[in-house]
Each structure stands twice: as C-alpha cells, then as structure tokens.
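Here the structure is laid out as structure tokens; the discussion comes afterwards.
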Amino acid sequence: MPNIAHIQLPEFPLLLAPMEDVSDPPFRLGCKQQGADVMYTEFISSEGLIRDAIKSRQKLDFFEYERPIGIQIFGGDEEAMAMAARIVETTNPDLLDINFGCPVKKVVCKGAGAGVLKDVDLMVRLTTAVVKSTKLPVTVKTRLGWDDQSINIEEVAERLQDVGVQALTIHGRTRAQLYKGEADWSLIAKVKNNSRIHIPIFGNGDVDSPQKALLYKNRYGVDGIMIGRAAIGYPWIFKEIKHYVQTGEILDPPTIEERIAVCKKHLLASIDWKGTILGILEMRRHYTNYLKGLPNIKEHRMKLVNCTDINEIDAVLHNIQKTYTNFVMQEVA
Ligand SMILES: Cc1cc2nc3c(=O)[nH]c(=O)nc-3n(C[C@H](O)[C@H](O)[C@H](O)COP(=O)(O)O)c2cc1C
C-alpha cells in the first residue's frame, strides 16, 4: 500500500488535485462522495497566511469528513514558509503539501511555485524549512522541470526525499508547457523506477477516463493518480476509475437526474459555505461541466448563469432534467 507516513491509503489511491478557485469545500464534497481518496486545498500563499489575509485563512478550512486532506502552500521565502507551516499545523490537517509546480507568472516571479524548479538548492532549503517546522507529513507537488532543456525531476525527487518529503506528485509537464501539449508520463515512470526512491510517486496530467487511468497505472507503475480538470463537474470520474481498475467494467454514466442532483447539492453547499450571493456567483463556473455533452444546452446554461435567486436556478435545473430525461449520456461520452 502506498501509505503516506502513517496515513493508510487504498492499494491504488486516486487523489483530487489542488485547483485554485475550484478546490473549495463545496466542490470537494462531491469528489469525496464519489471516491476521491486524498484531497487537497487550492494553494495558499505563505505570505498571505502570515499577514492573516482573510482570503488565505478561509482556504485553510475543511470538514472532518474530508480526511485525509492536505493543505497546500506556496512561497519563495524560507522563513515565511516555515511560519506558514506552523499556522497550517494549528488547523490539524493530515498533510501539508508544498506547491513547486504553479506556472502562473505572478507566482513564478516571486521565486515560488514552478519558479523554484530553476533553483533546486532553494527548493531543498524551502522544503527543509517546512519539514523542520511541522510534525505533519510533508508532500510536494511539482512538474518535470522548468523547460525541455532543464528537466530535473529525478534530481528533485531524490533531494526532496532526502530532506524528509513523504510523497511526491509529479505533473508530467514542464513550466514552459503550462497546460499545453501532452503530459509526459515516461519521465514520471523514470522517477518511480529509480531504485533510490522509496516514497510514493503519484502521477498527474491528462487522466480523464477509466481506460486511460488503468493504462497509465499499468504502463508507468505509479503508486496512484491525481486528477484535476476531469473532476470539475464530473466527480463520478473517481468512482468510474475505481470500478474499472477493480473489475475491468465500465460503469454507466450518471443519468441526467444524478447530474442535476449532484449539481444542486454542490450549489447548496456553495451557498452554505459562502453565503447566498457569492455562493450563487461562484457556482456559475461549474455549470458548463455538469452539463457537458448535452446537445443544445447553451440556452439553458445562459439562463442559469443569469439567475440570482435560488428558486429560479432550481426551476431552470428542473427544466433541464425534464428536457433531457430520456437522453442517454453514453451517446456523447
Ligand atoms: C483551474 C486550475 C487551478 C489549479 N490550481 C492549482 C493549485 O492551486 N495548486 C497546484 O498544485 N496545482 C494547481 N493546478 C494544477 C492541477 O493541480 C493539475 O496539476 C493540472 O491540472 C494537471 O492535472 P489534470 O490534467 O488532471 O487537470 C490547477 C489547475 C487548474 C486547471
């Protein structure tokens, strides 16, 4: 079993990726209910935590049912990262994850996220500062390297393991690739097959179907898979992969009734968590994915994103369910 420190995991765990402005508790609820084995918060600025910025603080919150859960932080300053780690520890998550993979300019410019891939010594110092500041198991999520000319994930993996990192998730792209091209899992497999590496290695990048998940499991030998975009509006991906890995059978896709029910649950959790106005507003970005594959859905979706009242949204969702009740999702899956 690819356990992380004392945290027991199933034989082939599926992890929900940290995603900024997506991986909040209302979104995580659906993923947990559909089988995500480990979940992470979106990344949180170490500097923001120290400044006690309300936005950063709120991102630390989670529910007991979400365990095992990791809180992800980022930053480019050792002292700030150490202090942030101590703040994270007070909230008692199961894991603390460091982000060394974010490609966004405003993060990279500060020498944080994937920016650290250009300076492995700094990466090691930042990680050491965090490991020494907390009793929580520390994990890292990173990319293959800065660009094609400087792929250094093998060195990174060995050095992070040496300073106490307990698991590593590798997104099979370089920083320069951003989200373009295809993730290269062969380099993830190289790390996994390195005889010096004994911590769990989780693969990440482009897994969006049970077939791909099983293929990558077998071909690349990773200890588990982290899933991001494919879970947005489709939390069933976790259940579907698990079932396929265990039985070789493809589950029927969720019916329109199930889709609408889970979407509604997400909306209500969002309102509960953020209040009515923000809860409704922030839910808008999820409708497209919940309704993906339904023909001529645009008109309904436009109505949904213009509603400001829960009863109106309810009526539109009900209407969508009625309209598509006999539609078989498999036709478009
Ligand atoms: C909207 C969005 C926000 C993201 N935010 C984060 C983040 O906060 N921390 C992080 O480590 N990765 C972040 N990522 C990267 C994902 O965790 C993941 O590595 C990437 O999407 C590739 O996996 P996928 O192909 O399964 O989506 C983000 C990705 C997306 C699409």
Side-chain angles (χ1 to χ4, degrees), residues 4 7 13-46 48-49 53-75 84 88 91-104 107 112-114 136 139-143 167 169-171 179 202-208 224-239 241 262-263 265-274 278-279 281-290:
I4 306 174
I7 301 162
L14 301 178
L15 298 79
L16 172 65
M19 287 185 281
E20 187 183 21
D21 290 337
V22 177
S23 302
D24 55 12
F27 170 74
R28 298 196 303 253
L29 170 68
C31 295
K32 183 76 184 177
Q33 290 182 335
Q34 298 296 335
D37 296 302
V38 182
M39 304 197 292
Y40 292 89
T41 63
E42 62 183 293
F43 71 171
I44 310 176
S45 155
S46 52
L49 280 181
I54 295 173
K55 241 186 141 181
S56 301
R57 281 273 174 178
Q58 278 171 343
K59 292 177 188 170
L60 293 171
D61 293 336
F62 61 86
F63 292 99
E64 278 304 306
Y65 66 75
E66 298 192 66
R67 293 185 184 281
I69 184 148
I71 289 180
Q72 190 189 60
I73 59 171
F74 72 95
V88 166
T91 67
N92 195 27
D94 302 280
L95 300 166
L96 191 160
D97 190 68
I98 309 176
N99 176 309
F100 289 139
C102 178
V104 175
V107 172
L136 294 170
T139 60
V140 163
K141 177 166 177 281
T142 188
R143 290 184 175 231
T169 300
I170 305 169
H171 177 188
Y179 290 91
F202 301 120
N204 170 239
D206 302 342
V207 173
D208 57 3
I225 290 180
M226 178 180 274
I227 294 165
R229 290 166 294 178
I232 305 178
Y234 202 83
W236 298 274
I237 188 80
F238 296 102
K239 186 169 82 176
I241 292 176
V262 169
C263 176
K265 211 187 242 182
H266 188 166
L267 169 67
L268 293 178
S270 189
I271 290 172
D272 259 4
W273 186 250
K274 302 169 190 176
L278 200 61
L281 203 74
E282 293 198 352
M283 186 62 196
R284 288 179 182 169
R285 64 177 69 127
H286 293 277
Y287 292 127
T288 305
N289 291 296
Y290 277 113

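We're numbering straight along the sequence, starting at 1.
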Quiz item: Can you find a heavy atom in the side chain of M39 that is under 4.5 Å from one in the side chain of S23?
Solution: no

Quiz item: So do R229 and D206 actually touch side chain to side chain, heavy atoms under 4.5 Å?
Solution: yes

Quiz item: Under the side chain to side chain contact (heavy atoms under 4.5 Å, CB included) criterion, do E20 and F43 qualify, and how do the steps go?
Solution: CA-CA 6 Å; E20 187 183 21; F43 71 171; 3.4 Å; yes

Quiz prompt | Salt-bridge criterion met for E66 and K32 (N-O under 4.0 Å) | solution = no

Exercise. List the steps, then state whether side chain to side chain contact (heavy atoms under 4.5 Å, CB included) holds for I73 with L96.
Key: CA-CA 8 Å; I73 59 171; L96 191 160; 3.8 Å; yes

Quiz item: Does I227 reach the side chain of I225, with side-chain heavy atoms less than 4.5 Å apart?
Solution: yes

Quiz item: If you measure from NE2 on H266 to CD1 on I271, what distance do you get to the nearest 0.5 Å?
Solution: 10.5 Å

Quiz item: Rounded to the nearest 0.5 Å, how far does CD1 of I71 lie from CG of L136?
Solution: 8.5 Å

Quiz item: So, D97 versus T139: side-chain donor-acceptor pair below 3.5 Å or not?
Solution: yes

Quiz item: Can any side-chain N or O of T142 pair as donor or acceptor with the backbone N or O of I170 at less than 3.5 Å?
Solution: no

Quiz item: Does P235 reach the side chain of Y290, with side-chain heavy atoms less than 4.5 Å apart?
Solution: yes

Exercise. Starting at CD1 of I69, measure out to CZ of R28 and round the result to the nearest 0.5 Å.
Key: 3.5 Å

Quiz item: Is D94 salt-bridged to R67, cutoff N-O under 4.0 Å?
Solution: yes

Quiz item: Q72 and T41: which non-hydrogen atoms are nearest, and at how many Å?
Solution: N-OG1, 3.0 Å

Exercise. Calculate, to the nearest 0.5 Å, the distance between atoms CG and NZ belonging to L29 and K265 respectively.
Key: 6.5 Å

Quiz item: Checking N204 side chain against M226 main chain: does a donor-acceptor pair fall under 3.5 Å?
Solution: yes

Practice problem: Take C263 and M283 through the test side chain to side chain contact (heavy atoms under 4.5 Å, CB included) and record every step on the way to the result. | Solution: CA-CA 9 Å; C263 176; M283 186 62 196; 4.1 Å; yes

Exercise. Could you label the plane-to-plane angle of the H171 and Y179 rings as parallel, tilted or perpendicular, counting under 30° as parallel and over 60° as perpendicular?
Key: tilted

Practice problem: With side chain to side chain contact (heavy atoms under 4.5 Å, CB included) as the test, would you mind laying out the steps for V38 and L16 before giving the verdict? | Solution: CA-CA 6 Å; V38 182; L16 172 65; over 6 Å; no

Quiz item: Looking at A17 and G228, what are the two nearest heavy atoms and their distance?
Solution: CB-CA, 3.6 Å

Self-check item: Min side-chain heavy-atom separation P93-V88 under 4.5 Å
Solution: yes

Quiz prompt | Atom pair CG/OG of L49 and S56 - distance to nearest 0.5 Å | solution = 5.5 Å

Quiz prompt | Ring centers of F27, W273 separated by less than 6.0 Å | solution = no

Quiz prompt | CG-CD1 distance between L14 and I241, expressed to the nearest 0.5 angstrom | solution = 5.5 Å

Quiz item: Do L60 and I44 have side chains that get closer than 4.5 Å, going by heavy atoms?
Solution: yes

Quiz item: So, does R285 use its side chain to make a donor-acceptor pair with the main chain of D21 at under 3.5 Å?
Solution: yes

Quiz item: Taking the inter-plane angle between the rings of F63 and Y65 on a 0 to 90° scale, is it parallel (under 30°), tilted (30 to 60°) or perpendicular (over 60°)?
Solution: parallel

Self-check item: Flag, side chain of R143 to backbone of G101, donor-acceptor distance under 3.5 Å
Solution: yes

Self-check item: Donor-acceptor pair, side chain of S46 and main chain of F74, under 3.5 angstrom
Solution: yes

Quiz prompt | Heavy-atom closest pair, residues A230 and I237 | solution = O-CG2, 4.0 Å

Practice problem: Please confirm whether the backbone N or O of G279 pairs with a side-chain atom of S270, one donor and one acceptor, at under 3.5 Å? | Solution: yes

Quiz item: Quick one: does Y40's side chain get under 4.5 Å of L95's, heavy atoms only?
Solution: yes

Self-check item: Carboxylate-amine/guanidinium contact D24 K59, below 4.0 Å
Solution: no

Exercise. State, with a plain yes or no, whether a side-chain heavy atom of V262 is found less than 4.5 Å away from one of W236.
Key: yes

